[in-house]
Amino acid sequence: MADPLSVTLGLAVGTFAIRLGGYLLGSALPASGPWARGLNALPGCLIAALLAVLLVQAGPAEWTAAALCALVAMLTRSLPLTMLVGIAAVCLARTLV
């Protein structure tokens with residue numbers, strides 16, 4: 001079995017390397033142009049893709065919460081409120097259904 005200190009140090013070095021790599025890569029990304037526009041749109045696309053996969057496998061409680069979240073997001077454009085409504089809706093729907 002590995003020594004706990006060496007495992008901890010190894011994980012710390014790995015974590016630091018990942019963070020440093022992200023910082024160095026982030027500073028090399030373009031600030032304008034088509035690549036910058038594409039990278040700015042990427043987080044929303046990833047969330048939509050993950051949500052689509054989850055909704056395909058979900059039941060009525062999750063579909064109801066997703067519809068309610070979409071409505072709240074369109075009306076208020078408030079991310080925290082949308083998240084709060086979604087969590088409350090799925091908890092309530094799972095309790096009632």
Side-chain angles (χ1 to χ4, degrees):
M1 184 158 204
D3 178 37
L5 181 61
S6 63
V7 171
T8 303
L9 289 176
L11 290 172
V13 167
T15 301
F16 180 74
I18 289 172
R19 288 178 177 258
L20 181 63
Y23 177 75
L24 294 175
L25 180 64
S27 64
L29 293 175
S32 61
W35 280 100
R37 287 193 304 274
L39 290 172
N40 285 335
L42 191 59
C45 294
L46 291 175
I47 290 173
L50 291 172
L51 182 63
V53 169
L54 289 174
L55 283 178
V56 166
Q57 301 169 354
E62 290 81 9
W63 277 94
T64 305
L68 194 56
C69 281
L71 180 67
V72 169
M74 285 187 285
L75 292 176
T76 65
R77 300 223 180 257
S78 169
L79 180 61
L81 182 61
T82 302
M83 292 171 63
L84 183 68
V85 167
I87 292 169
V90 80
C91 286
L92 185 65
R94 284 181 179 174
T95 336
L96 296 178
V97 173

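Only this structure's heavy atoms are used, side chains among them; waters, hydrogens and symmetry mates stay out.
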Backbone N/O of Leu55 and side chain of Trp63: donor-acceptor pair under 3.5 Å: yes
Leu29 CG to Leu24 CG distance, which is reported to the nearest 0.5 Å: 11.0 Å
Hphob cluster co-occupancy, Tyr23 + Phe16, side-chain heavy atoms under 4.5 angstrom: yes
Reported CG-to-SG distance for the pair Asn40 and Cys45, which is rounded to 0.5 angstrom: 11.0 Å
Leu92 CG to Ile87 CD1 distance, which is reported to the nearest 0.5 Å: 13.5 Å
Salt bridge (Lys or Arg N to Asp or Glu O under 4.0 Å) contacts touching residues 78-87 (sequence neighbours left out): none
Heavy-atom pair with the smallest gap, counting every atom of Ala89 and Leu68: CB-CD2, 3.7 Å
Inter-residue atom distance Leu25.CG - Leu20.CG, 0.5 Å rounding: 11.0 Å
For the student: nearest non-hydrogen atoms of Thr82 and Ser78, plus distance: OG1-O, 2.7 Å
Contact list for residues 36-62, test salt bridge (Lys or Arg N to Asp or Glu O under 4.0 Å), sequence neighbours left out: Glu62-Arg94
